[in-house]
Amino acid sequence: MTESPAQAQDNLNSVEDRIAAAAREGGRKAATVTLIAVSKTFDPEAIEPVLATGHRHYGENRVQEALNKWPDLKRRFPDSVLHLIGPLQSNKVAQAVSLFDAIHSVDRDKLARALSRAIGEQGRDPLLFVQVNTGNEPQKAGVAPDAAASFVDRCRNEHGLAIQGLMCLPPFGEAAGPHFALLRQLAAQAEVPLLSMGMSADFETAIAMGATHVRVGSAIFGPR
Ligand SMILES: *Cc1c(COP(=O)(O)O)cnc(C)c1O
């Protein structure tokens, strides 16, 4: 269900206020937290009013859906910044690198190799995060926590990828705090500065634990 344009704008404002309050509470500046408005499943008509407020960071979880929606939106809002927050297949890497400004789901060597090649060929420089499966869930993407630091190392030294952060998606129905704490610890180990964690239900907790990028969908655009 799509909210009215004014509702989405109000929602954005209130999420921004809550982010600022959570940052202040943690002794941080609000500007150290990037709000990614997750627009997956929503039509361009629902996204435009949010773009019109000046908000620039958006997240999509499917390459094909983003290819259908964003080339046109990016032409009209050229300074928008598009984040891929969902899984990436090797055969979609070239398209993903041409469209996305950040990729949060690097999680295997084959993908890292393909990304490295596409980035070199296209002369692009996307912000890169390694996804960590903090709950060790069999069906979920991401590297295992105990493999995270060595994978980041291989990305840098074997694949030539400048990984800047880690991302996680805690198990559904579990308290997110311990997963955010683990991700922060792994990022310190891997020596990466950025943390992509926290969604509509728990972004304040994530900010308290050091999130630099929160991915918020339904609290802005409404239920999916
Ligand atoms: C959908 C999605 C989000 C946003 O979820 P909400 O609960 O709607 O805020 C964040 N991260 C990922 C990876 C997602 O797929």
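For ligands, and for the atoms within them, numbers begin at 1 and follow the listed sequence. Positions are given from 1 along the sequence.
Within the 4.0 Å heavy-atom criterion, neither part of H104 lies near ligand 1.
Other residues, nucleotides and ligands contribute at most 12 non-hydrogen atoms within 6.0 Å of the CD atom of E25.
Interface of L169 with ligand 1, defined as ligand atoms under 4.0 Å from a residue heavy atom, comprises 12 (C), 13 (C). Numbered from 1 in the order shown, with element, the atoms of ligand 1 that lie under 4.0 Å from a heavy atom of R215 read 4 (C), 9 (O), 10 (C), 11 (N), 12 (C), 13 (C). Of all atoms in ligand 1, listed by their number and element, those nearer than 4.0 Å to a heavy atom of V216 are 9 (O).
Between the side chains of S196 and H213, no donor N or O sits under 3.5 Å from an acceptor N or O. A donor-acceptor contact closer than 3.5 angstrom links the side chains of Q7 and N11.
Between the choices S218, G198, G59, P223, the shortest heavy-atom distance to atom 7 (O) of ligand 1 belongs to S218.
Ring centers of W70 and F100: at least 6.0 Å apart, outside the cut-off. For F129 and H83, the distance between ring centers is not under 6.0 angstrom.
The protein heavy-atom contact nearest to atom 2 (C) of ligand 1 is K40 NZ, 2.6 Å. Among all non-hydrogen protein atoms, the one lying nearest atom 12 (C) of ligand 1 is I85 CD1, 3.5 Å. For atom 10 (C) of ligand 1, the closest non-hydrogen atom on the protein side is M199 SD, 3.3 Å.
Checked against a 3.5 angstrom limit, the closest N/O atoms of G217 and ligand 1 fall inside it. For a threshold of 3.5 Å applied to N or O pairs, the pair formed by S200 and ligand 1 contains at least one separation below that value.
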Output, in order, the C-alpha distance, side-chain angles, deciding distance and verdict of salt bridge (charged side-chain N to carboxylate O under 4.0 Å, His left out) for D107 and K140.
CA-CA 11 Å; D107 67 352; K140 195 167 272 178; over 6 Å; no
Show your reasoning for whether salt bridge (charged side-chain N to carboxylate O under 4.0 Å, His left out) applies to R113 and D109.
CA-CA 6 Å; R113 259 192 301 279; D109 288 279; 5.2 Å; no
